[in-house]
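Starting from 1, each residue takes its place in the sequence as its number.
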Amino acid sequence: MTQLDPAAAVDALADRYWEAYLEQNPTTATVYGDDRWDDRLDDPSPAGRAAARALRNATLAELAAIPVDRLPVEERITHDMLRVVSELGNEADDLRMDLVGLVDQIYGPQALLPQGIQFQAADTPDRLEKLLSRLAAFGPFIDAHLDLLDEARATGMTAPRIVAERTISQAERLLAAPADQSPIVTGARLAGGDEAGRARVAAAVRDVVDPALARYVEALRGPYLAATRDEPGLWSAPEGVARYRMAIRTWTSLDLDPADVHQI
């Protein structure tokens, strides 16, 4: 078997990483216009986290075997980006940033389908079936979140109270609407005049999505809300300084002290 030259090896690795990343993050793939996994939702469970970590570790191992000094500028940048993304992903996993960001009024599970529906076409029979499969997956998706809520509460890595309260309010407004008026139904990109398809989407919202969302609200209103943090800053979470510095590296790629960032 002929070995790829270093530049070709980096390019091939980047392609494989991106392909695997999209498969592990099907809702992101949908937003980017890749509909191959439109029937799935992301996996927030320990198994999903383990699969994501395995991808990052495999990527880092392959990167280590590629001689950086023999790479052209573009491939050196790609090599560095893959390394940084994988290392930061592992650090975020070690710090369990998924627990800290689990409840969110913008990116939380209650907002996923109402926001995501605008990106998912359901204008053919096959695409409609994919959407219905994705809606059916919302029950297990929420149940995985309920397990994580318990873990967050037990470890003190909860959301700030103001965020939890806004998330609850947002979810309750979604639940207050009749199923056929849900943004998932009214925003569904169905074929023109497909009222039968719209009725099937409404039924999925009524029978699967809303009951799952109600379970989520009930869990948030219970012991989780009582355990939320009074201060909204990330610094107030356990090991908050380490998490704050990791967030700075994620957004800026710089290892700066928080005080220096605020000064800038």
Flag, side chain of [X] to backbone of [Y], donor-acceptor distance under 3.5 Å:
X: S133; Y: E129; answer: yes
X: D180; Y: V185; answer: no
X: R53; Y: G89; answer: no
X: R189; Y: Q118; answer: yes
X: H145; Y: Y216; answer: no
X: Y244; Y: E239; answer: no
X: Q110; Y: D104; answer: yes
X: S182; Y: A179; answer: no
X: R76; Y: V68; answer: yes

So which atom in [X] and which in [Y] form the shortest heavy-atom distance, rounded to 0.1 Å?
X: A121; Y: R127; result: O-CB, 3.4 Å
X: T158; Y: A227; result: OG1-O, 3.0 Å
X: P238; Y: G156; result: CD-O, 3.2 Å
X: D210; Y: L175; result: O-CD2, 3.4 Å
X: A212; Y: G139; result: CB-CA, 4.0 Å
X: L190; Y: G197; result: CD1-C, 4.1 Å

**Item:** Identified side chain to side chain contact (heavy atoms under 4.5 Å, CB included) counterpart of R249 within the set L256, V84, D255
**Value:**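 Of all the options given, the one that passes is D255.
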Before accepting this row, confirm whether a basic side-chain N of the pair [X]/[Y] lies closer than 4.0 Å to the acidic partner's carboxylate O.
X: D98; Y: R96; result: yes
X: E62; Y: R16; result: yes
X: D43; Y: R49; result: no
X: D194; Y: R198; result: no

Is the shortest side-chain heavy-atom distance between [X] and [Y] below 4.5 Å?
X: E23; Y: R40; value: yes
X: V209; Y: I142; value: no
X: R245; Y: P258; value: yes
X: L220; Y: L225; value: no
X: D38; Y: D35; value: yes
X: Q105; Y: T167; value: yes
X: P26; Y: R134; value: yes
X: V217; Y: E172; value: yes

Quick one: pull up [atom1] in [X] and [atom2] in [Y] and give me the separation to the nearest 0.5 Å.
X: D34; Y: L22; atom1: CG; atom2: CG; answer: 6.0 Å
X: M97; Y: E91; atom1: CE; atom2: CD; answer: 9.0 Å
X: I168; Y: R161; atom1: CD1; atom2: CZ; answer: 10.5 Å
X: T59; Y: R83; atom1: OG1; atom2: CZ; answer: 13.0 Å
X: W18; Y: Y32; atom1: CH2; atom2: OH; answer: 5.0 Å
X: E75; Y: I66; atom1: CD; atom2: CD1; answer: 10.5 Å

**Message:** One pair to check against side chain to side chain donor-acceptor pair (under 3.5 Å): D126 and T124. What are the steps and the verdict?
**Reply:** CA-CA 5 Å; D126 179 62; T124 68; 5.2 Å; no
**Message:** Let's go through W37 and N25 carefully: what are the C-alpha distance in whole Å and the side-chain angles of both, what is the deciding distance for side-chain contact (heavy atoms from CB on, under 4.5 Å) to 0.1 Å, and is it a yes or a no?
**Reply:** CA-CA 9 Å; W37 303 286; N25 298 272; over 6 Å; no
Establish whether [X] and [Y] are linked, either directly or via other cluster members, by ILVMFWY side-chain heavy-atom contacts under 4.5 Å.
X: L112; Y: L135; result: yes
X: L95; Y: L234; result: yes
X: F119; Y: I117; result: no
X: F141; Y: L131; result: yes
X: Y21; Y: L63; result: yes

**Message:** Go through it in stages, so that I can follow the logic: the residues are T228 and E165, the test is side-chain contact (heavy atoms from CB on, under 4.5 Å), and I'd like the CA-CA distance, side-chain angles, deciding distance and then a yes or no.
**Reply:** CA-CA 10 Å; T228 51; E165 289 172 343; over 6 Å; no
**Residue pair R229, S236: steps toward the side chain to side chain donor-acceptor pair (under 3.5 Å) verdict** = CA-CA 7 Å; R229 293 181 279 126; S236 66; 2.7 Å; yes
**Message:** Test side-chain contact (heavy atoms from CB on, under 4.5 Å) on L82 and Y17; report intermediate values, then the result.
**Reply:** CA-CA 8 Å; L82 286 170; Y17 174 86; 3.9 Å; yes
**Asked** Given the rule in the side-chain contact (heavy atoms from CB on, under 4.5 Å) test, do R56 and D93 qualify, once you have shown the distances and angles that lead to the verdict?
**Response** CA-CA 11 Å; R56 294 191 297 267; D93 187 43; 3.7 Å; yes
**Item:** CD1/I77: more than 12 non-hydrogen atoms of other groups inside 6.0 Å
**Value:**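 Check passes, neighbour count above 12.
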